[in-house]
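Because the structure is a prediction, the values reported are computed rather than measured. Residue numbering restarts at 1 for every chain, and letters A, B, ... go by the order of the sequence lines.
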Amino acid sequence: MIEFKNVTKRYGRFGTALEGIDLTIDTGQFVFVTGSSGAGKSTLLKLLYAAEQPTTGDVLIEGRSVARLHPRSVPYLRRNLGVVFQDFKLLPQRTVIENVALPLEVTGTPRAEIAARVTEVIKQVGLKGRGDRRPGELSGGEQQRVAIARAVVGKPSIVIADEPTGNLDAALTHEIFELLVKLHEQDGTTVLVATHDTVELDHWNFRRIALRDGRLEPGGTDSLPLPPPAGAEVMKAAAGPEPEPEDEPEDEDEDEDEPDTDPDADPGDDEPDEAAS
Amino acid sequence: MTPYAVRRAFKGIVEHRFLAVATIGTVATVLILGGAFLLVITNLSGLLDRWGQDVQVSCYLREDVGDEALFAIKAEIEAMPEVISVRYVSQDEALERFGEAVDGMDRILADLDSNPLPASLEVRLRPELQQPARVADVASRLSRPEFEDMDWSQEWVERFHTFLGLLRLSALVLGTLLLAAAMFLVNTTIRLAIHSRRDELEIIQLVGGTRWFARTPFVVEGMALGGLGALVALAVLPLLYKYAFVQLQASLGMLLSMGTVEFLPVPTLLGLFVAGLAVGFVGAFTSVIRSNVGTVS
């Protein structure tokens, strides 16, 4: 469980990034953090992986304060978090395999185990056969898949994605969201995705945390009753045709690996669980 | 030291091969210079040791000293712990030696009416006493009223010691300066490597790498640069010995009656290798500390 307790983050005297945030995210939830640029989405996520400290208030993960964590303990926190960025943050000189292996290298995982796990995850994100390429030889969507593979390779309990599709076109954006949802469903990972992509937000029926000027906004699902399953079915039907055409070319691997999980069908199927959590 | 750190360190060297070669070359040059100095000092010390074994005090006897008194003094001196042997040199023997030592002198001496040279006792001292101060000390205790004069090769021993002392000191000062310069270069090389790998370090932190996970490859890289520099020096020094020192000895050896010039002993060579590693380690270590590598941001 993730808890934000009356969190305020200020930069300097006047720059307020977050103000009085009280928030609870249950384990295994998929949550969108929405809001326009500068609303405080990134700051909210940075507080989770201890890249920023709150000015006041506290952030807790499984009851342990992230804000009061000793700097030397931060790496151990981060090993249990997977972070995905808008600009991918991949190492250009290293192959896909080496990039994905990094979180396991830092924990001193034996090489054989690293090789097995990396192969598995690369297949999972649909990059089978591209392990020896360097990021520069891949498309933007593929690069973000590498970043997602790196984020999940250590089997973290929480995955944080900060505008993961900000640099991608609509088709690739949908693929990335499908992948994140798939990983969430497979492993029950808690996923927080900051985005302002309204098409995707409308497509997926997950909890939304809306921010405006650093404050929680009523527009999020937090302040609204969760939509009934029937409504979600309608949403799914409405959103359904939209992403279909662009899925075919690059999704072959994924379909092979997971024949029974049709990404488009998943969110609808999952609604009751999400509503319950 | 994890396998990752070692792999990353050598990858780093390949990534910056030109800078790496320059650094290895500098460390090698410093250690070659140091090694050459050590070769000179070791051999000169050896020379001094050999000369030192011949520390000898000549006690010139008054003419009026009788045989009985002479034997008593000889026995007394022989009993002293610092003394190896005492030899009596008669006036005739002294004259004979003098004639042999200088070409044509024997004919001049033959013309003399009387022998002007005194008889003497040649006292050989233990080699441990080769320091000038101790020789002087023992000599003062040897002194007897029956001796007209005493002579020990004090002056040149002192000069030689002073010279060797200065040589050692200058080697130490120069060596320290050169090592510091090599260390500084390793430090700069590693700092550049850190700078060029900023993004990588940021990512390492984001995926949960500890400070030392980020730092160790740089320290290993520094030690590898220092160690490789030392290996180059250890490869060059025997050549330098063979082609410079032995040649020099061939032309000067007779003059100095030095015996053979010896190469550096194995512990000294090991010491040079360790010095290379240490230069690399300290240079890199100070660099990662100063650059704050791996500090969570």
Side-chain angles (χ1 to χ4, degrees), chain A residues 45-46 48-53 66 69-85 87-95 98-112 114 118 135 146-162, chain B residues 1-21 189-225 284-285 288-297:
Chain A
L45 299 185
K46 280 179 178 172
L48 274 178
Y49 58 90
E52 298 283 1
Q53 304 298 321
V66 176
L69 212 54
H70 189 279
R72 287 192 189 173
S73 300
V74 169
Y76 303 98
L77 163 82
R78 289 181 182 171
R79 289 177 189 185
N80 198 29
L81 302 173
V83 191
V84 180
F85 300 91
D87 58 355
F88 322 136
K89 291 201 192 295
L90 297 175
L91 293 168
Q93 305 297 328
R94 304 225 196 155
T95 63
E98 288 168 334
N99 268 287
V100 175
L102 196 59
L104 300 178
E105 298 271 14
V106 306
T107 57
T109 308
R111 293 193 83 181
I114 291 179
V118 169
V146 177
I148 292 171
R150 185 182 63 194
V152 299
V153 74
K155 297 186 175 168
S157 57
I158 302 168
V159 169
I160 298 164
D162 191 358
Chain B
M1 204 184 293
T2 61
Y4 174 85
V6 176
R7 273 184 282 132
R8 188 64 195 93
F10 282 93
K11 220 170 177 178
I13 290 176
V14 175
E15 281 167 14
H16 303 278
R17 47 195 167 278
F18 296 112
L19 195 58
V21 167
T189 305
I190 296 299
R191 207 179 312 167
L192 287 173
I194 291 169
H195 187 76
S196 70
R197 274 151 55 185
R198 279 277 161 218
D199 291 346
E200 181 181 332
L201 291 171
E202 185 198 345
I203 293 164
I204 283 173
Q205 284 175 25
L206 286 170
V207 300
T210 57
R211 275 194 313 170
W212 283 103
F213 181 86
R215 288 174 177 186
T216 312
F218 293 108
V219 176
V220 174
E221 193 173 325
M223 285 176 78
L225 292 174
F285 190 82
V288 294
I289 297 290
R290 280 197 66 183
S291 305
N292 241 345
V293 172
T295 305
V296 171
S297 59

Fill in: Salt-bridge contact B:Glu200-A:Arg94 (side-chain N to carboxylate O under 4.0 Å)
yes
Closest heavy-atom pair, B:Thr210 versus A:Arg79, reported as atoms and distance to 0.1 Å, is CG2-NH2, 3.5 Å
B:Val207 and A:Val106 have their tightest heavy-atom pair at O-CG2, 3.6 Å
So, the part of A:Glu98 with a heavy atom under 4.5 Å from chain B: the answer is side chain
Interatomic distance, OH@B:Tyr4 vs CD1@A:Ile114, rounded to 0.5 Å, equals 10.0 Å
So, the part of A:Leu90 with a heavy atom under 4.5 Å from chain B: the answer is backbone
In terms of heavy-atom contacts, does NZ of A:Lys155 have more than 12 from other residues, nucleotides or ligands at under 6.0 Å?
no
Rounded to the nearest 0.5 angstrom, the CZ-CZ distance for A:Arg72 and B:Arg211 is 4.0 Å
d(B:Glu202 CD, A:Phe85 CZ) to nearest 0.5 Å is 7.0 Å
| Would you say B:Arg198 has more than 12 foreign heavy atoms packed within less than 6.0 Å of its CZ? | yes
Could you please spell out the steps behind the side-chain contact (heavy atoms from CB on, under 4.5 Å) verdict for B:Gln205 and A:Val74?
CA-CA 9 Å; B:Gln205 284 175 25; A:Val74 169; over 6 Å; no
> If only atom types and distance count, is the side chain of A:Arg78 paired as donor or acceptor with the main-chain N or O of B:Gly209 below 3.5 Å?
Replying inline: no
- With a 4.5 Å heavy-atom cut-off, do A:Glu105 and B:Arg7 have their side chains touching? yes
Between B:Asp199 and A:Leu91, the two heavy atoms sitting closest are C-CD2, 4.5 Å
